[in-house]
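Some notes on the structure that comes next.
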Amino acid sequence: MRHIRIFILLLIIPFIASCSSDEDSQGYDAVFNSEYTPLTDLSELGKASYFYAGIKIEGRNVGFLPSDSDSCLKEDMLTPIYDEHDNFVRLEYRRHEKKCVGGFAEIHMVQNNIVRPGYLFTNLNLIGGFVIDPLTGGKIEAPTTQSKKYKGELEIGFQAGYLRIEDQLSHYTRPGGMKKVYIYLRRSDK
């Protein structure tokens with residue numbers, strides 16, 4: 001009887017071990033696979049600032065900056081701007097460190113409208129500096145006046161405690177026609 005129990009135990013252990021490692025072998029992404037809440041109204045952003053936390057590149061897990069990182073991205077910030085009557089005006093994405101090779105000074109996201117849950121229609125305008133075009137990898141100079149960078153819909157919502165937005169803001173280039181890249185931003189109420 002004891003030998004049968006040992007035999008059964010030896011058969012079951014490899015099966016259990018193989019099941020528990022399936023998530024890792026398939027590249028399980030705990031952040032990207034967590035619950036996603038689409039943004040339904042721009043007021044849900046509040047009056048907080050959102051700092052760059054990480055990026056999700058199609059086919060890869062979300063990669064976050066370490067808390068002690070000296071990356072030039074760590075101070076990049078998305079801020080909702082309101083007028084004196086607390087009416088939403090625009091979103092501003094600012095690059096604070098000019099040392100980033102693919103950097104720019106500021107992007108204003110204007111004429112914003114949530115067209116359906118989780119989809120923001122916007123116009124991205126460069127304000128000074130330069131940016132690397134995500135499709136071609138070429139440098140786009142932006143005069144001190146506004147120049148158009150992107151017009152269209154971006155996915156936007158909250159996931160795993162972060163604001164997740166489809167990336168048209170960073171300098172990340174999309175090799176081989178890759179389409180979906182998201183940036184994750186951590187909220188700061190300061």
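Here the structure is a predicted model, which is why all the values come from computation and not from measurement.
Between Leu120 and Asn113 the shortest side-chain heavy-atom distance does not fall below 4.5 Å. Side-chain contact between Asn125 and Val110 is present, with at least one heavy-atom pair separated by less than 4.5 Å.
Under a 4.5 Å side-chain heavy-atom criterion applied to ILVMFWY residues, the cluster that includes Tyr162 comprises Val31, Phe32, Val62, Phe64, Tyr182, Tyr184 as well. Other residues sharing a hydrophobic cluster with Val115 under the 4.5 Å side-chain heavy-atom criterion for ILVMFWY residues are Tyr119, Phe121.
Tyr52 places no side-chain N or O within donor-acceptor distance of the main-chain N or O of Leu65, the cut-off being under 3.5 Å.
The salt bridge (charged side-chain N to carboxylate O under 4.0 Å, His left out) check on Arg187 picks up Asp189, with sequence neighbours excluded. Looking at residues two or more places apart in sequence or on another chain, you find a side chain to side chain contact (heavy atoms under 4.5 Å, CB included) between Asn33 and Tyr28, Asp29. Phe158 meets the ring pair (Phe, Tyr, Trp, His ring centres under 6.0 Å) test with no other residue; sequence neighbours excluded. For Glu153, the salt bridge (charged side-chain N to carboxylate O under 4.0 Å, His left out) criterion is met by Arg116, not counting sequence neighbours. Asp68 is linked by a side chain to side chain contact (heavy atoms under 4.5 Å, CB included) to Pro66, counting only residues two or more places apart in sequence or in another chain. Scored by the ring pair (Phe, Tyr, Trp, His ring centres under 6.0 Å) test, Tyr36 finds no partners at all (sequence neighbours excluded). By the side chain to side chain contact (heavy atoms under 4.5 Å, CB included) test, Asp41 pairs with Ser43, Glu44, sequence neighbours left out. Not counting sequence neighbours, the partners of Asp86 by the side-chain hydrogen bond (donor to acceptor under 3.5 Å, both in side chains) test are Lys47.
The existence of a salt bridge linking Glu58 and Arg60 is excluded, since no basic side-chain nitrogen approaches an acidic carboxylate oxygen closer than 4.0 Å.
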